[in-house]
Protein chains: 2
Amino acid sequence: MVNSLFRALSHPIRREIVERLAAGPATVGEVSGDFAVSKPAISKHLKVLEESGVLSRVIDGRTHVLSLETEALAEATEWMVRQRAIWTRLFDVVEDHLREEQG
Amino acid sequence: MVNSLFRALSHPIRREIVERLAAGPATVGEVSGDFAVSKPAISKHLKVLEESGVLSRVIDGRTHVLSLETEALAEATEWMVRQRAIWTRLFDVVEDHLREEQG
DNA sequence: GGTACAGTTCACCAAATGGTTAACAGTTTG
DNA sequence: CAAACTGTTAACCATTTGGTGAACTGTACC
């Protein structure tokens, strides 16, 4: 759902977590160490990201290894790109119109 | 700021407003008519979108005409596309690795 | 078995969010 | 000028969000 995806990306810490995981999988502790908030806070952010499908976790013993789920993020990207395509096309129409008027 | 941009796009009504305005400028009343919430609620959504730079308004008499601000939205799109590029590259590396192992 | 470790869940809190109705400000029009 | 119209602001409310410290669950290790 594109809905929960945008929600998930609306918090700066969650976007930073995404950027962190874009460099490769990491454990909860590693991710947590990068931020000035408590572990429970990070745990909640991770839950939001997981429920929206942005990341997945594999439990290995007592550590949880987090990885990005690229397919889910592609959905939100597509919305953005599709919107941009519409705006761009519209913008071109306006530009053409102006050019015609001046020419 | 990419921060307020994602925040602005995190609410379904606000994304629908963006989609509506992608088809061309509209007044507050026209936009408001499309949704099952009160006008003050829409007014607040419009304020969020305006403050994040997603749209601009021109006051014409007693009506406000709203237009999309494509540059602002491009910022958020770029973040998404940049992220996707990183994931894709990473994914390719993994694929290459698998191909190598099998070959 | 006992202790350290990784991580989540619980109980709580303050602030932000999203909605409402009522009142307001400015513009148009009879 | 008065009434109608467009839109915002104000005051209020319930819910969600994002954070905390403390307690808990499960794994690793001596």
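So you know, we letter chains A, B, ... as the sequences are listed, proteins then strands, and number each from 1. Worth saying up front: this structure is predicted, and the values here are computed from it rather than measured.
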**Prompt:** Does B:R7 have a side-chain nitrogen or oxygen under 4.0 Å from the phosphate oxygens OP1 or OP2 of C:dG18?
**Reply:** yes
**Fill in**
Of A:S10 and B:K39, the one whose nearest nucleotide on DNA chain D sits closer to the 5' end is B:K39
**Request:** Report the distance from atom CG of A:N3 to atom CZ of B:R15, rounding to the nearest 0.5 Å.
**Result:** 5.0 Å
**Asked** To the nearest angstrom, how far is B:E16 atom CD from C:dG18 atom C1'?
**Response** 15 Å
**Prompt:** With A:A26, which residues qualify under side chain to side chain contact (heavy atoms under 4.5 Å, CB included), at least two apart?
**Reply:** A:R20, A:L21, A:E30, A:V31
**Prompt:** Rounded to whole angstroms, how far apart are CZ on B:F6 and P on D:dT17?
**Reply:** 18 Å
**Message:** Any base atoms under 4.0 Å from A:S32, or only sugar-phosphate, or nothing? Heavy atoms, all strands.
**Reply:** nothing
**Prompt:** Whole Å only: how far is the CG atom of A:L46 from the P atom of C:dA6?
**Reply:** 15 Å
**Prompt:** From C:dT8, C:dG19, D:dG7, pick the nucleotide closest to the side chain of B:V28?
**Reply:** D:dG7
**Request:** Nearest 0.5 Å please: distance from the OG atom of A:S56 over to the NE2 atom of A:H64.
**Result:** 13.0 Å
**Item:** Closest non-hydrogen atom pair, A:I42 against A:F35
**Value:** CD1-CD1, 3.8 Å
**Message:** Classify B:T63 by what it touches in the nucleic acid, base, sugar-phosphate, or nothing, heavy-atom distance under 4.0 Å.
**Reply:** sugar-phosphate
**From NE2 (A:H45) to CD (A:E50), nearest 0.5 Å** = 15.0 Å
**Fill in**
In whole angstroms, the gap separating P of C:dT17 from CD1 of B:I13 amounts to 15 Å
**Asked** Think A:H45 has a side-chain N or O under 4.0 angstrom from the OP1 or OP2 of D:dT17?
**Response** no
**Nucleotide nearest B:H11 when distance is taken to its side chain, options C:dT9, D:dG7, C:dG19** = C:dG19
**Asked** At under 4.0 Å between heavy atoms, what does B:K47 touch on the DNA or RNA strands: base, sugar-phosphate, or nothing?
**Response** nothing
**Prompt:** According to a strict under-4.0 Å criterion, is A:S38 in side-chain N/O contact with OP1 or OP2 of D:dT20?
**Reply:** yes
**Complete:** Of A:K44 and B:I42, the one whose closest nucleotide on DNA chain D sits nearer the 5' end is B:I42
**Inter-residue atom distance A:S10.OG - B:R7.CZ, 0.5 Å rounding** = 8.0 Å
**Asked** Would you say D:dT25 has OP1 or OP2 under 4.0 Å from some side-chain N or O of A:H64?
**Response** no
**Request:** Give a yes/no on whether any side-chain N or O of B:S43 is located under 4.0 angstrom from OP1 or OP2 of D:dG7.
**Result:** no
**Asked** With distance as the sole criterion, do the side chain of B:R62 and the base of D:dT6 form a donor-acceptor contact below 3.5 Å?
**Response** no
**Request:** Identify the two heavy atoms, one from B:S52 and one from B:L5, that lie closest to each other, and give their separation to 0.1 Å.
**Result:** O-CD2, 3.7 Å
**Fill in**
In whole angstroms, the gap separating P of C:dT28 from CG of B:D60 amounts to 8 Å
**Prompt:** If you take all heavy atoms of B:R14 and B:A8, which pair is closest and at what distance?
**Reply:** NE-O, 2.7 Å
**Complete:** Within residues 49-59 of chain A, the residues having a heavy atom closer than 4.0 Å to DNA chain C are A:R57
